[in-house]
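Taking it in order: structure first as structure tokens, then the write-up.
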Amino acid sequence: MNGVILRWPVPICTTINAQYYKKVLQDKLRPAIRKNRPGLLESGILFHHDNAPAHTAQAVTDVLAGYKWELLEHPRYSPNFAPCDFHLFPKMKEHLRGQRFETEEDIIQATKVAIKNLDKCSYVTAFKDRLQRIEKGANKGGCYVE
């Protein structure tokens, strides 16, 4: 909720499978948390990702269990619970709209600037909205679709 910890562009033609995702968690995300949010690993991580096969694979769940991170449940058949899709990405697109990019590096740099320009309220709003969506989903039998 306090902003982006890691921005990791996936290389072109890379398949995001359990092995790739596990490696990013171990080699990129965990070190980024240690660097950018000192003390957070010790005080506890509340972690959210959707239920994509790469995220729910045994190899990944074993790593997360070993880290003792608390996982926010992502209801089945509810892709609209992802906070990034409803608040963060649209705000980033506002910044990127109308631009043309010559290279992949230009896209990466523009995205980096767009993320830096997001204010803290954007993150708080995104996660508060996620909780409201979950509550609505629970009241409708566990699945909320807009």
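FYI, the numbering just counts along the sequence from 1. As the structure is a prediction and not an experimental result, all values here were calculated from the model.
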Result block: side-chain N/O donor-acceptor pairs under 3.5 angstrom for residues 59-69, not counting sequence neighbours:
| unit_1 | atom_1 | unit_2 | atom_2 | d |
| --- | --- | --- | --- | --- |
| T61 | OG1 | A57 | O | 3.4 |
| T61 | OG1 | Q58 | O | 3.0 |
| D62 | OD1 | Q58 | NE2 | 2.6 |

*Should the pair E42-R37 be classified as a salt bridge under the 4.0 Å nitrogen-to-oxygen rule?*
no
Reported [atom1]-to-[atom2] distance for the pair [X] and [Y], which is rounded to 0.5 angstrom:
X: K116; Y: R7; atom1: NZ; atom2: CZ; result: 8.5 Å
X: L40; Y: K35; atom1: CG; atom2: NZ; result: 15.5 Å
X: I5; Y: I33; atom1: CD1; atom2: CD1; result: 5.0 Å

Nearest heavy-atom pair of [X] and [Y]: which atoms, and what distance?
X: P38; Y: N36; value: CD-C, 3.5 Å
X: A110; Y: H95; value: O-CD2, 4.0 Å
X: T15; Y: Y20; value: O-CB, 3.9 Å

*Taking the side chain as every heavy atom from C-beta outward, state whether R97 and E94 have any pair of such atoms under 4.5 Å apart.*
yes
*Linked hydrophobic residues, V113 as query - side chain contacts closer than 4.5 Å*: none
*I would like to know whether F47 and L25 meet side chain to side chain contact (heavy atoms under 4.5 Å, CB included); could you show each step before the answer?*
CA-CA 11 Å; F47 190 71; L25 291 172; 3.8 Å; yes
*asked:* Hydrophobic clusters here meaning ILVMFWY residues chained together by side-chain heavy-atom distances under 4.5 Å, can you tell me if W8 and L41 are in one?
replied: yes
Quick one: side chains of residues 101-108, donor-acceptor pairs under 3.5 Å with protein atoms, not counting sequence neighbours, listed by atom name and distance.
| unit_1 | atom_1 | unit_2 | atom_2 | d |
| --- | --- | --- | --- | --- |
| T103 | OG1 | E105 | N | 3.4 |
| T103 | OG1 | D106 | N | 3.0 |
| T103 | OG1 | D106 | OD1 | 3.3 |
| T103 | OG1 | D106 | OD2 | 3.3 |
| E105 | OE2 | Q109 | NE2 | 2.7 |
| D106 | OD2 | E102 | N | 3.4 |
| D106 | OD2 | T103 | N | 3.3 |

*Kindly assign one of parallel, tilted or perpendicular to the pair H55 and Y21, based on the angle between their ring planes and the thresholds 30° and 60°.*
tilted
*asked:* Does R30 form a side chain to side chain contact (heavy atoms under 4.5 Å, CB included) with Q26? I'd like the steps, not just the answer.
replied: CA-CA 6 Å; R30 198 155 196 256; Q26 293 173 319; over 6 Å; no
